[in-house]
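Read the structure below first, then the notes.
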Amino acid sequence: KQYQPGEAFGELALLYNAPRAATIQADTECQLWVLDRNTFNNIVKDASQNKRNKYEQFLSTVPILTNMDKYERSKIADAIKEVKFNQDDTVIRQGDQGDVFYILVEGSCIATLNANKNQAVMTYGPGDYFGELALLRGEPRAANVVAQSDCKLIQLERKSFKRLLGPLDKILQRNMSNYMKYAKKN
């Protein structure tokens, strides 16, 4: 590996309190910034804790997650990734393989079917979720989901979804009935 300006190295040894995995040697004269282990750990821990606190609070307002305890929500907060979409971006495309579950944080989205892409069959606002059907059933995406405004979402990948939301499986299955009335029309 040849490092360029702006790239970092040595973080794994600091994160895992492990010996260095490689020797780094300068090819040319260079200037580096250095962080000691304590400073690095404080920065990483603070950022992680801030993210956890922010999303624990938000997740406690999501109706389907209100029955989870604080510990369970903190595990979800650690596993989620924030993503942003611009107005009119496609978040989910009908027929694609689904590996991600979404919860809308800010903005609005609509679900449409390929038969009539201009007609909304579902609308989503902050706290609403989508993408669980493909994860629960192992089937392709059942609808398109399009951002109606600039949106911020959090996503949970398949493995984390199964591990962390497994106890919600029955609730999510029960809520599938909300979608079935649209599936029967097409």
Side-chain angles (χ1 to χ4, degrees), residues 1-59 62 65 70-109 124 126 129-141 143-166:
K1 166 94 175 125
Q2 189 162 12
Y3 290 93
Q4 303 299 319
E7 292 185 283
F9 54 86
E11 72 281 0
L12 293 177
L14 296 177
L15 276 172
Y16 299 109
N17 197 22
R20 300 283 183 192
T23 300
I24 307 293
Q25 186 174 351
D27 289 5
T28 63
E29 191 171 313
C30 57
Q31 189 173 30
L32 303 172
W33 289 8
V34 178
L35 288 175
D36 62 80
R37 182 183 311 274
N38 288 338
T39 304
F40 178 82
N41 284 337
N42 284 332
I43 291 169
V44 170
K45 287 176 186 171
D46 285 350
S48 178
Q49 188 60 45
N50 288 342
K51 175 191 169 212
R52 178 184 290 156
N53 290 342
K54 172 183 168 184
Y55 282 115
E56 274 181 10
Q57 184 176 353
F58 171 73
L59 292 170
V62 175
L65 304 178
K70 185 173 172 60
Y71 175 76
E72 291 168 322
R73 278 194 299 271
S74 75
K75 291 298 177 198
I76 294 173
D78 287 342
I80 59 176
K81 178 181 171 189
E82 184 178 292
V83 290
K84 294 182 180 182
F85 290 89
N86 296 318
Q87 183 174 351
D88 298 324
D89 283 353
T90 299
V91 180
I92 288 178
R93 189 172 314 281
Q94 185 175 349
D96 284 357
Q97 197 56 39
D99 292 322
V100 179
F101 167 75
Y102 294 95
I103 300 174
L104 190 57
V105 178
E106 294 174 4
S108 62
C109 292
Y124 302 103
Y129 61 89
F130 51 87
E132 79 286 2
L133 291 180
L135 299 181
L136 289 169
R137 294 176 165 177
E139 297 174 355
R141 298 292 193 184
N144 303 297
V145 177
V146 179
Q148 288 300 104
S149 64
D150 290 348
C151 293
K152 180 168 42 170
L153 299 102
I154 52 177
Q155 68 179 32
L156 197 58
E157 294 180 350
R158 180 182 296 275
K159 284 182 183 177
S160 299
F161 176 88
K162 292 286 190 182
R163 181 172 46 87
L164 297 169
L165 296 182

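Every heavy atom of this structure was used, including side-chain atoms; hydrogens, water molecules and symmetry mates were not.
When every heavy atom of A134 is checked against every heavy atom of G98, the shortest pair comes out as CB-CA, 3.9 Å. The shortest non-hydrogen separation linking C109 to A147 is SG-CA, 3.9 Å. Closest approach of S108 and C151 over heavy atoms only: O-SG, 3.3 Å.
With sequence neighbours excluded, the residues forming a salt bridge (Lys or Arg N to Asp or Glu O under 4.0 Å) with K1 are E7, listed by chain and number.
One distance of note links CD1 of I92 with CZ of R141; it measures 4.0 Å at 0.5 Å rounding. We find the CD1-OG distance between I43 and S48 to be 13.5 Å, quoted to the nearest 0.5 Å. Separation of atoms CG (N42) and CD (Q49) is listed at 12.5 Å; rounding is to 0.5 Å. Here the CD1-OH distance, from I103 to Y124, works out to 13.0 Å after rounding to the nearest 0.5 Å. Distance check, rounded to the nearest 0.5 Å: CZ of F9 to CZ of R20 gives 8.5 Å. A distance of 5.5 Å separates CD1 in I80 from OH in Y55, rounded to the nearest 0.5 Å.
At distances below 3.5 Å, not a single donor-acceptor pair connects side-chain atoms of S149 with backbone N or O atoms of G107. Under the 3.5 Å distance criterion, the side-chain polar atoms of K51 are matched with a main-chain donor or acceptor of A77.
Listed by first then second residue, pairs satisfying side chain to side chain donor-acceptor pair (under 3.5 Å) with a partner in residues 29-38 read N17-R37, D36-T39, not counting sequence neighbours. Under the side chain to side chain donor-acceptor pair (under 3.5 Å) criterion, the residue pairs touching residues 87-105 are D99-R158, with sequence neighbours excluded.
In this structure the side chain of I76 never reaches within 4.5 angstrom of the side chain of I154, judged on heavy atoms. Inter-residue side-chain proximity for V100 and V83 is flagged as unmet; no heavy-atom pair is nearer than 4.5 Å. Side-chain contact between L153 and F130: present, with at least one pair of heavy atoms (C-beta onward) separated by less than 4.5 Å.
Heavy atoms of other residues, nucleotides or ligands lying less than 6.0 angstrom from NZ of K152 number more than 12. More than 12 heavy atoms of other residues, nucleotides or ligands sit less than 6.0 Å from atom CD of E11.
A salt bridge does not link D150 with K84: every distance from a Lys NZ or Arg NE/NH1/NH2 to an Asp or Glu carboxylate oxygen is 4.0 Å or more.
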